[in-house]
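Written out below as C-alpha cells is the structure these notes cover.
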Amino acid sequence: MEEMFRKKAEATRRLVEAAEEAHHQHEENPDLQYEYFNAVLINEVDEEGNNVELGGEFILEPNDHFNNLSVNLSLSVVQVPTNMYNKDPDIVNGVYWSEALNKVFVDNFERDPTLIWQYFGSAKGFFRQYPGVKWHPDEHGVIGFDCRNRKWYIQAATSPKDVVILVDVSGSMKGLRLTIARQTVSSILDTLGDDDFFNIIAYNQEIHYVEPCLNGTLVRADRANKDHFREHLDKLFAKGIGLLGEALTEAFTILNDFNQTGNGSVCSQAIMLVTDGATEMYDHVFEKYNWPERKVRIFPYLIGRESAFADNLKWMACANKGYFSQISTLADVQENVMRYLHVMSRPKVIDHEHDTVWTEAYVDSALSQAHKLNDKAGPSLTTTVAMPVFSTKNETKNQGILLGVVGTDIPLQELMKLIPKHMLGIHGYAFAVTNNGYILTHPDLRPLYQEGQKRRKPNYSSVDLSEVEWEDKDDILRNAMVNRRTGTFSMEVKKTVDKGRRVLKMHNDYYYTDIKGTPFSVGVALSRGHGKYFFRGNVSVEAGLRDLEQPDVALADEWTYCNTEEQHEHRHLTQIQAIKLFMTGRRSHLKCDRELIKEVLFDAVVTAPLEAYWTGLALNKSENSDKGVEIAFLGTRTGLSRTNLFVPADQLSNQDFLTAEDKEGVFNADHFPLWYKRAAEQVPGTFVYSIPFSTALENKSVVLASTAIQLLDDRKSPIVASVGIQMKLEFFQRKFWTACRQCTALDGKCSISCDNKDVNCYLIDNNGFILVTEEHSQTGLFFGEVEGAVMSKLLQMGSFKRITLYDYQALCREYAGSSDSAGTLSHPFSVVKWLLTELVIFLLEFNLYSWWNVEMTAKAQRPRGKTMMVPCDTEYPAFVSERTIKETTGNIDCGGCFRSFVIQQIPSSNLFMVVVDNKCDCSSIPPVTMDPIEIMYNESLKCDRLKFQKDRKKPESCHPFHPEENAMECGSASGLSSRLTAALLPLVTLTVSR
C-alpha cells in the first residue's frame with residue numbers, strides 16, 4: 001500500500017514542478033487569443049455542420065480502465081464553470097501556460113498505468129483534466145462543478161482552521177438580505193473540512209448561538225455537524241438592532257479559549273462576519289484581542305447593494321489580515337466566499353511548502369454526472385492525493401499567490417486488490433481509517449441508500465470506525481489506529497451476513513499499523529480458527545495449467561494472482577492467461593504471487609474429477625429427471641471456483657447466483673462467498689440450507705445447500721473448500737413433503753402426519769427462517785412472525801437465543817418494537833419422530849468425496865425495516881439455534897387452552913422440523929419480529945453527542961501566518977477612501993516597527 005500511495009504522490013509532485021515552471025516562464029498577456037479544447041464543446045457542431053468555437057474535433061475511444069468512458073489518452077480537456085466566461089483573459093492565460101501539463105500527464109500514465117484521473121484545478125476557476133473526456137451539462141444546461149469548492153482543493157490550499165461565523169439578524173437584514181446571508185453561511189460551511197472546527201453566532205442586541213447547546217465552544221466541521229447547523233439557519237429571523245462589538249468580543253473569546261484546550265485545529269483562526277454594515281470600526285475590540293499579532297483573520301461579507309458602511313468593513317479586513325467582499329445577489333455568493341481561501345493560503349505559499357494532502361473516501365457526484373457514468377452501482381469510492389501549486393515569480397512572492405491545486409484519484413477498490421485475501425482466512429478482512437477515525441475502506445461500510453442504487457447516504461464519507469466495530473466500546477482499536485500506532489487487539493464480535501439478517505459470533509484478532517507517507521492506518525482482522533494455518537500441496541505446472549483452463553473453472557474476479565495493471569502490455573490479460581505466461585517463463589517480469597498460484601494449481605488438479613462426476617449426474621436422467629437441481633458449485637480457499645449447470649442458463653430460477661450481481665455470493669476483494677462462510681462455521685459433516693433473501697422477495701425462489709471440506713478431524717486443519725447446489729424451492733419442498741410422510745412405525749401405522757388439519761408443519765433453519773410450510777406466502781419469513789407464541793417459548797426454553805445487534809448506519813422511517821411472551825411449561829403431546837430419511841439421503845449424495853471430512857455454520861439476521869432518508873441508530877435482534885438441543889417439546893398457555901409443539905433437529909443439516917398443534921388460538925400472544933427499533937436520544941444526550949470530540953490526529957503541517965505576507969491585499973483595496981488609508985497607516989507602521 002505504501003508503495004502504491006508513494007507512486008501516486010510522486011506523479012502529483014511531477015505535475016506541481018511542471019506547472020510552477022510553466023507559469024514562471026509565462027508573461028501575462030491581456031490580449032492573448034488561444035483556442036483550447038473545452039470539455040463541454042469538443043466535437044460539437046453548429047447548424048452548418050462546422051465545429052463550434054473552443055470545440056474542434058477531439059478523438060475519443062472507449063477505455064475500460066476509465067469506467068468504459070470514451071477518452072483521449074494524448075490530451076487533456078478544460079472545463080470552465082457555467083457562471084464564468086470561457087474567454088476571460090485570466091482563464092485564457094492560465095489555460096495557455098497549463099498546456100505544459102499534457103506532456104507530464106501522459107508521461108505519468110506511461111510510468112504508472114494504474115493511475116486514473118489526473119488534474120489541475122486553477123485558482124481562476126478552470127479545471128484541466130486528463131485523459132480528455134467529453135462533459136455533459138444537466139437537464140438545465142448547467143454543470144455544477146467548480147474545482148475550487150472540492151475538498152481536495154480546499155485541503156491542499158489552506159491549513160486547518162478554527163472559524164466563528166457571525167450573522168447579523170438585526171431588523172435591517174429582513175427579506176432578501178437574510179436569504180443571501182443564509183446562503184453565504186451555507187457556502188462558508190461548504191468550504192470547511194474534517195480538520196476544521198466552527199460555530200455560528202447570530203447577533204442583534206443579544207448574542208444567539210444558532211445551536212444553543214454549543215454555547216462557548218467549537219465543533220468539528222464534519223458532514224453531520226454542518227447539516228445540523230444548516231437546519232437551524234432556517235429558524236433565523238431579523239429584528240432589533242445589531243450590536244457588533246459584543247458579537248466580536250464573544251467570537252474572539254471562544255477562539256482563544258478553545259485554542260487553549262488544544263482540541264481544535266490549533267492552527268489558523270478566522271472570524272467570518274456576514275452583515276449589511278458596521279457603524280464603526282471597533283478598533284478597541286481588535287486592539288484588546290487581536291493586535292499586534294493579528295492571529296485571527298477577519299473576513300467581512302457586506303450583504304446588499306448599499307455601500308454606506310463599506311469603508312468600516314474594509315478597514316476591519318485590512319487591519320486583521322483578512323479580505324472584504326460585497327455580495328449583492330445570490331449569484332454572487334459562491335465566487336465571493338471562495339476568495340477567503342486564497343488569503344488563508346498565503347502563508348503556505350510564501351513558505352513554499354508543498355504539503356501532500358489525502359482526502360477521506362468520497363464520490364464526486366457532479367463530476368460523475370458530467371461524465372454521464374452509467375455504472376449501475378454508481379461510481380466507486382475514491383481518495384484523492386493533492387498538492388498546491390504556487391507562483392514562484394520574485395515580484396509576487398510576498399503576495400503569496402496560489403495558482404491552483406493538482407491531484408490524482410485512487411479508487412479504493414484498487415487498494416483492496418492489494419490485500420492477499422487467501423491469507424486472511426474465510427472471515428478475515430482488511431480495513432483502513434483516516435486521521436479523524438473515519439472509514440476509508442471496510443467491508444461493513446454501507447455508503448448507499450440501497451444496494452444497486454446510485455444514491456449515497458448523506459454522511460457516507462464520515463462513518464467512524466467505532467460505528468462499525470461497535471463491540472469495541474472503549475474505542476481502544478479506533479484510538480490506537482488514529483494515533484498511528486502499531487499493535488494488536490482482540491475481542492468477541494458479532495458479524496452480520498446475508499444482508500444483515502444472520503449473525504456469526506466469533507473471536508477476532510486485529511493487527512494494525514500506519515501507512516507511511518499518508519494520514520491513514522490499515523488494520524487486518526483474523527477470526528480465530530481460520531487463517532492461522534493453510535494447506536499446501538504440490539502438482540506439476542503442466543497438470544495444473546491444463547486443469548485451470550477448463551471451461552468450468554473461474555478465479556476470483558477481484559483477487560490479484562498476477563498484477564496485470566502495472567504494465568500497459570499486460571492490461572489485456574486475464575488472470576488465467578497471466579498465470580500461464582508467468583509459470584511457463586514467457587513473461588517472467590510479470591509481478592505474480594508464486595505461492596498463491598502454486599496453491600491454485602493444486603486446487604485445480606485435486607478438484608478436476610468433479611467435472612466428470614457432475615457430467616455423469618447430468619447424463620443419468622433418473623438422478624435429476626425433473627431438473628430440480630439447477631447448479632452444482634465448488635469454491636476453494638484460493639479463490640478458485642467450479643460450476644456445473646444441470647439446466648440451460650436461461651432457465652435458471654435465480655440467474656444472478658454466482659455472478660457479479662450477487663455480491664454476497666461470490667469471492668470478491670473483501671469477503672468469501674456467503675455459502676462458504678456459513679458452511680465453515682457449521683458442525684463438521686453437515687449441510688447448510690437457506691433461501692437467499694434477494695430471491696425470496698422476487699419470486700425466483702431457490703434453496704442453496706452447501707458444506708465445507710476439511711481434510712482432517714483436527715480443528716487445526718484448515719477448511720480448504722466448500723461445495724454446494726442450488727435447487728428449485730418447489731422441488732425441495734416436494735422432496736420434504738414426500739420424506740416426512742414416510743411412516744417408520746413397525747406396524748406401518750402412524751397416529752399423526754403433516755396432512756392432518758389439526759397440525760401445522762414447518763421446516764425452519766438455524767436462524768428461524770421458514771423454508772417449507774403449507775402456506776406458501778410464509779416461505780422466507782421469520783418463524784416468530786408466523787408463530788409468535790411458539791417462538792417466545794423456544795426462546796424461554798433456550799432452544800433459540802436472541803442476540804442484540806446495533807446498526808449505526810441505519811435509515812429510519814417507522815419504528816416497530818419487538819416483543820415476546822412465554823407460556824408455562826406443561827406436559828407435551830405425544831412426540832412424533834420425524835426421521836427424514838429420504839431428505840437426508842438426497843442431500844448427502846452431494847457430499848462429493850466420502851474421504852473428505854466437512855464442516856459448517858450459520859447464525860442470525862437483521863430486520864426487514866423500511867428505509868427512510870434520515871440516518872439514525874437502531875437496535876435489532878437476531879436469532880440462533882442452540883446446537884446441543886436435538887429435540888424439544890412444549891406447551892403454551894393461551895388463556896383457557898394449551899397449544900403443544902415439538903421441534904426436532906434434522907440430522908446432518910442446520911434445519912429443524914417444527915410441528916404445532918393448531919387447535920388452540922394463541923393470536924393474543926404478539927409475534928416475535930426482527931424489526932429494528934430506533935435508539936432515541938433525549939435533548940441532553942443529543943447535546944452531549946454534539947459536544948463529544950473523539951480522538952483525532954491533527955495534520956502535521958500548519959501555516960497560520962507569515963511575517964512577509966502583504967496584508968494590504970484585502971479586497972477592493974484600490975477603492976479605499978483617504979480617511980480609511982489614514983486610519984490604516986499607524987497600524988502598518990506599528991506592525992513594521994515590531
Side-chain angles (χ1 to χ4, degrees), residues 376-377 426 443 450-452 497-502 550-559 607 610-611 614-615 617-618 624 626-636 639-680 682 687-709 721-733 735 765 767 769 771-772 779-780 842-843 845-846 848 856 858 861 909-911:
K376 187 180 173 190
I426 298 161
Q450 204 173 320
E451 215 170 298
V497 294
D498 214 355
K499 304 198 181 335
R501 290 173 175 87
R502 305 180 189 278
Q550 296 307 307
D552 67 326
V553 172
L555 293 181
D557 227 10
E558 296 177 5
W559 289 22
T607 59
L610 269 181
E611 191 184 5
W614 282 337
T615 305
L617 278 179
N624 194 21
D626 48 5
K627 306 288 187 196
V629 177
E630 299 184 328
I631 308 175
F633 52 86
L634 166 136
T636 77
L640 175 140
S641 54
R642 287 182 179 271
T643 49
N644 190 81
L645 299 185
F646 295 111
V647 297
D650 58 352
Q651 291 177 26
L652 288 170
S653 304
N654 174 18
Q655 298 194 351
D656 289 346
F657 183 56
L658 299 178
T659 68
E661 298 297 315
D662 176 25
K663 286 201 172 81
E664 279 202 285
V666 294
F667 289 96
N668 71 21
D670 56 29
H671 63 242
F672 273 60
L674 178 62
W675 44 267
Y676 197 129
K677 289 203 285 194
R678 293 189 64 209
Q682 201 63 353
F687 277 76
V688 167
Y689 301 89
S690 62
I691 297 176
F693 288 106
S694 54
T695 63
L697 301 173
E698 296 163 21
N699 208 16
K700 300 188 282 192
S701 287
V702 292
V703 172
L704 295 183
S706 61
T707 186
I709 297 168
S722 179
V723 291
I725 55 170
Q726 174 181 291
M727 54 193 140
K728 291 176 183 166
L729 176 63
E730 167 270 324
F731 166 79
F732 178 79
Q733 290 174 335
K735 283 278 186 186
D765 68 18
N767 298 123
F769 291 104
L771 278 83
V772 183
T779 304
F842 161 71
L843 293 164
E845 285 172 355
F846 289 88
L848 302 171
M856 154 170 236
Q861 75 260 359
S909 78
N910 68 320
L911 301 178

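These values consider heavy atoms only, across backbone and side chains, with no hydrogens, waters or symmetry-generated copies. Remember, predicted model here, so these are calculated numbers, not experimental data.
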field: Exercise: identify the closest heavy-atom pair between Q733 and V772
entry: CG-CG2, 3.6 Å
task: Measure from the side-chain N and O atoms of S722 to the backbone N and O of T707, and report whether any donor-acceptor pair falls under 3.5 Å.
output: yes
query: If you measure from OG on S641 to CG on L555, what distance do you get to the nearest 0.5 Å?
result: 7.5 Å
Approximate separation, where rounding is to 0.5 Å, of T643 OG1 and Q726 CD: 11.5 Å
- request: With rounding to the nearest 0.5 Å, note down the distance linking CG in D552 to CZ in F633.
  value: 14.0 Å
query: Would a 4.5 Å heavy-atom cut-off, applied to side chains only, mark I725 and F646 as touching?
result: no
task: To the nearest 0.5 Å, tell me how far D662 CG sits from N654 CG.
output: 6.5 Å
message: Donor-acceptor pair, distance only, cut-off 3.5 Å: does the side chain of E664 make one with the backbone of K499?
response: yes
Value rounded to 0.5 Å, distance of CG in L634 from CH2 in W614: 5.5 Å
- prompt: Would you say the side-chain atoms of E630 pair up with the backbone N or O of S653, donor to acceptor, closer than 3.5 Å?
  reply: yes
- request: Please round to the nearest 0.5 Å and tell me the distance separating atom CZ of R642 and atom CG of L610.
  value: 6.5 Å
- request: Please name all residues satisfying side chain to side chain donor-acceptor pair (under 3.5 Å) with N668, sequence neighbours left out, ordered by chain then number.
  value: H671
- request: Heavy atoms only: give me the nearest Q651-Q655 pair and the separation to one decimal.
  value: N-NE2, 4.1 Å
message: I'd like to know if the side chain of S701 reaches the main chain of L729, judged simply by a donor and an acceptor atom lying under 3.5 Å from each other, with no hydrogens or angles considered.
response: no
message: Is it the case that the side chain of E558 and the backbone of F667 share a donor-acceptor pair, with hydrogens and angles ignored and the cut-off at 3.5 Å?
response: no
- prompt: Looking at side-chain heavy atoms only, is the closest gap between W675 and L658 below 4.5 Å?
  reply: yes
query: Of L771, V688, I691, which is the lone residue that meets side-chain contact (heavy atoms from CB on, under 4.5 Å) with D765?
result: L771
Where A705 and M727 come nearest, the two heavy atoms and their spacing: CB-CE, 4.1 Å
query: Looking at L652, N644, V647, which one forms a side-chain contact (heavy atoms from CB on, under 4.5 Å) with I631?
result: L652
- prompt: Hey, are the side chains of V666 and D557 touching, using non-hydrogen atoms and a 4.5 Å cut-off?
  reply: no
